[in-house]
Amino acid sequence: MTADRIAEAATLVGEPRAAAERPWPVRPGILAGVSVVAAIAPVVVATVRAVASGWRAISDNAFFGLRAADVFTEHNPLLGVWTSASVAIGKDVNNPGPLQFDLLALPVRIGGPHAGLAVGIGLLNVALILGIAAVARRQAGAPAVVAAMLVATGLGWAMGSELLFDPWQPHSLLYPFLCFLFMVWALAGGDLVMLPWAVGLGSLIVQTHLVYALLVPALGLWGMTVAGTRWWRSRRADPQGWPGERRRARRIVVVAAVVAAVCWAQPLVEQLFGDGTGNLGRLAASIGDTGDAIGWGDAPRFVARVVALPPWWGRPSMTEALPEELLVPGRGRPLPSLGASLAGLAVVGGLLLGAWRAASRRGAAPAAGAAATGLVVLALSLLGAASMPVGVLDVAGAHQMRWLWPVAVFLTFALVLALTAGQGRWSGKQRVVPLLVAATVTLGALNLPSMNSGAGLTEFADAIPAVRRLLPQLEVLRGEAGVLVDTTGQRFAEPYTTPVLAELQQLGVQWYTEDRGLQRYAGPSRAYHGQDVPRLFVREGDAARTVPDGARRVAFVEGLDRGEAEELASLQAELRPFIAAGGIAVRPGTSGATSLTDAQLRDPDYLFYTRALVGPARDERLDVPRRWAGVLGRYAELQYRADRLTAAVFVEPQGSRPALRAPDGLRRERD
């Protein structure tokens with residue numbers, strides 16, 4: 001091929017003559033492919049490892065497998081699971097729709113509510129990473145894929161491998177939301193083909209977690225507005241081609257409308273034909289009734305912690321960047337000051353503005369569009385954080401703000417793109433791209449080993465072996481006409497009941513409940529209406545070791561072996577005189593243990609009975625001499641396992657309720 005033809009080909013793709021005449025040492029497509037493999041490898045490895053090691057969905061995670069298995073059955077879900085926003089608005093509401101259950105139905109049907117669930121989430125994340133790569137390539141060529149895969153891999157690295165297949169919405173929606181942000185960037189660049197895809201993905205996100213109900217529509221509206229404006233202006237540039245372009249745009253809009261109708265059909269059916277007001281009606285009526293919001297005084301502090309200030313979005317920000325007092329007292333860090341937050345956000349905003357201006361001057365339209373989209377995303381993130389109800393955060397903790405991580409990595413992408421982009425699609429800054437590939441491969445490799453950040457429900461992963469031993473014992477219930485599940489007296493986030501329910505479903509045992517909250521999670525078709533079936537209940541710790549009169553224990557796992565139980569009793573005896581002598585104090589500046597009085601800290605009977613030392617000792621919130629720190633730590637670990645990893649399932653005839661009230665210490669959540 002002659003030099004003139006090379007230059008002509010370069011002009012067709014918008015690259016300057018110099019870039020075309022100096023070929024890359026390695027083809028851009030190969031570098032892009034390496035980056036894509038590096039991004040998806042941690043997801044694949046983590047998912048395969050989870051299935052091979054016998055991972056089990058516990059606590060609320062089990063609901064996702066259970067409801068996915070309900071698709072196309074008599075319990076077919078029309079809504080998502082119950083949402084903690086109900087606490088803020090004062091009425092029970094569910095997340096708007098069941099699209100996530102629909103997507104997980106096939107892998108769960110094939111692989112079951114545990115392995116199939118992990119595989120389903122893993123496949124979804126892989127598909128979305130590939131979607132991000134496809135959008136980036138469509139907008140700015142193969143080198144843009146490298147920049148996109150860098151931040152996609154970085155998001156996975158920040159999450160840690162054990163969150164890459166986690167079905168809990170705050171984590172399973174991180175890659176979908178990041179992909180949605182890329183689609184908004186494409187729409188803002190005038191790519192109308194992205195509209196149906198953005199509608200479908202945005203519907204999945206909003207239906208699965210209500211926290212996105214403001215962000216996703218607002219971002220989508222901005223992208224569609226800019227796309228529509230660009231499309232309308234294009235009629236002047238090509239009057240002859242305008243009729244054909246108008247027909248094309250009409251087809252795209254029709255397809256997007258059909259996608260929206262299909263995605264929202266089930267929630268609309270529930271609204272129009274379900275009992276009562278309907279979930280969408282309750283959600284609409286609750287707008288403005290969410291109580292006090294975070295407000296503009298604190299919103300910049302939340303956003304800046306992840307977007308603008310150390311540790312930014314990298315490790316270990318998932319567990320340390322924001323306060324998480326509910327599940328893990330004292331682990332999160334206090335929010336930064338308002339002044340530091342505003343300064344950090346101003347720097348990020350200034351960088352994005354400078355990137356937009358520089359890219360615009362160079363004629364790098366994709367990079368300019370990414371920077372402009374980043375500015376809009378940043379502004380809407382502040383609005384979303386400011387409007388977040390305080391009550392939701394008080395109940396649910398920092399996981400309601402997990403969407404900040406995709407926001408932060410997208411802003412990083414916009415800045416990286418601006419640094420490397422030139423006129424048209426890309427400039428000849430070829431040496432930068434291999435460096436980005438190397439960084440992507442490094443982050444992907446670092447995320448291959450198993451790493452549990454302890455965020456969200458993964459905090460209770462130590463219960464998985466106990467669940468794995470407990471569930472097979474339920475085979476004795478196969479053939480039962482049904483059971484009434486009694487959840488009275490159970491502690492918050494108890495990990496055993498929901499996998500038991502999923503196992504009953506797999507055994508073909510119908511189960512019912514009088515618990516309205518559980519009905520909101522598992523569907524109204526499981527409401528108890530006086531069926532003549534035995535009562536089933538789950539107990540932990542000491543309550544699991546004693547069989548109530550008239551009941552039958554059908555499954556049991558012990559958290560300690562005989563030697564460990566004897567060691568626990570010996571440690572208690574050793575600690576008694578030390579406690580009575582006042583050897584234990586609360587470490588200054590710690591939270592969660594200050595409710596213990598001096599008298600209680602000197603009362604070994606009270607401390608051992610209530611387990612009040614377990615949480616503070618495990619979280620290192622107690623001030624004790626070094627000689628006793630190891631003794632106290634070992635006691636706390638054994639007592640925790642004795643209480644939390646000992647579980648039993650009981651069945652009894654109707655009419656003879658067991659003693660349901662467990663000791664206070666057994667019901668406290670790591671206090």
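Only heavy atoms go into these numbers, but all of them, side chains included; no hydrogens, no water, no symmetry mates.
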> When the ring planes of Y521 and W82 are compared, do they come out parallel, tilted or perpendicular, using 30° and 60° as the limits?
Replying inline: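 Because their plane-to-plane angle lies in the 30° to 60° range, the rings of Y521 and W82 count as tilted.
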
> Between F182 and F413, what is the ring plane arrangement, given parallel below 30°, perpendicular above 60°, and tilted in between?
Replying inline: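 Tilted: the ring planes of F182 and F413 meet at 30° to 60°.
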
>> Check this for me: W197, atom CH2, are more than 12 non-hydrogen atoms of other residues, nucleotides or ligands nearer than 6.0 Å?
In response: no

Not counting sequence neighbours, which residues clear side chain to side chain contact (heavy atoms under 4.5 Å, CB included) with [X]? List them please.
X	value
W356	L353, S360, A368, A371, A372
A256	L195, P196, V199
P449	none
L210	T83, A85, N95, P96, A213, L283

Taking the side chain as every heavy atom from C-beta outward, state whether [X] and [Y] have any atom pair closer than 4.5 Å.
X	Y	result
V45	S161	no
L378	V407	no
P42	W157	no
M388	L214	no

Report the distance from atom [atom1] of [X] to atom [atom2] of [Y], rounding to the nearest 0.5 Å.
X	Y	atom1	atom2	answer
L163	L155	CG	CG	10.0 Å
L174	Q169	CG	CD	11.5 Å
L457	N61	CG	CG	5.0 Å
L164	I40	CG	CD1	12.0 Å
L103	T208	CG	OG1	8.0 Å
H209	L215	NE2	CG	12.0 Å

Contacts of [X] that satisfy ring-ring contact (aromatic ring centres under 6.0 Å, His included) - sequence neighbours left out:
X	answer
F64	none
W231	W242
W55	F165
H171	W168

Give me each pair satisfying salt bridge (charged side-chain N to carboxylate O under 4.0 Å, His left out) with a member in [range], each pair once, sequence neighbours excluded.
range	value
residues 214-223	none
residues 184-194	R138-D191
residues 115-128	none
residues 437-457	none

>> Under a 3.5 Å distance rule, please check whether N125 uses its side chain to pair with a backbone N or O of Y175 as donor and acceptor.
In response: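 Flag not set: sc N125 to bb Y175 has no pair under 3.5 Å.
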
> For A340, does its backbone N or O pair with a side-chain atom of S337 as donor and acceptor, under 3.5 Å?
Replying inline: yes

> Can you list the steps and then say if L383 with L380 is a side chain to side chain contact (heavy atoms under 4.5 Å, CB included)?
Replying inline: CA-CA 5 Å; L383 177 62; L380 289 177; 4.1 Å; yes

>> One thing to verify: whether R49 and E162 come together as a salt bridge, which I'm taking to mean a side-chain N less than 4.0 angstrom from a carboxylate O.
In response: yes

Work out which heavy atom in [X] is nearest to a heavy atom in [Y]; give both atom names and the distance.
X	Y	answer
L181	P406	CD1-O, 3.7 Å
L219	V376	CD2-CG1, 4.4 Å
M318	A158	CG-O, 3.3 Å

> Given the rule in the side chain to side chain contact (heavy atoms under 4.5 Å, CB included) test, do V226 and L187 qualify, once you have shown the distances and angles that lead to the verdict?
Replying inline: CA-CA 7 Å; V226 177; L187 276 174; over 6 Å; no

> For V146, which of V416, V34, L436 qualifies under side chain to side chain contact (heavy atoms under 4.5 Å, CB included)?
Replying inline: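 That would be L436.
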
> Would L178 and I132 count as a side chain to side chain contact (heavy atoms under 4.5 Å, CB included) if you check the C-alpha gap in whole Å, the side-chain angles of each, and the deciding distance to 0.1 Å?
Replying inline: CA-CA 8 Å; L178 179 60; I132 292 169; 3.7 Å; yes

> Would you say the side chains of W312 and T412 form a donor-acceptor pair under 3.5 Å?
Replying inline: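 There is no such pair (donor and acceptor under 3.5 Å, judged by atom type) between the side chains of W312 and T412.
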
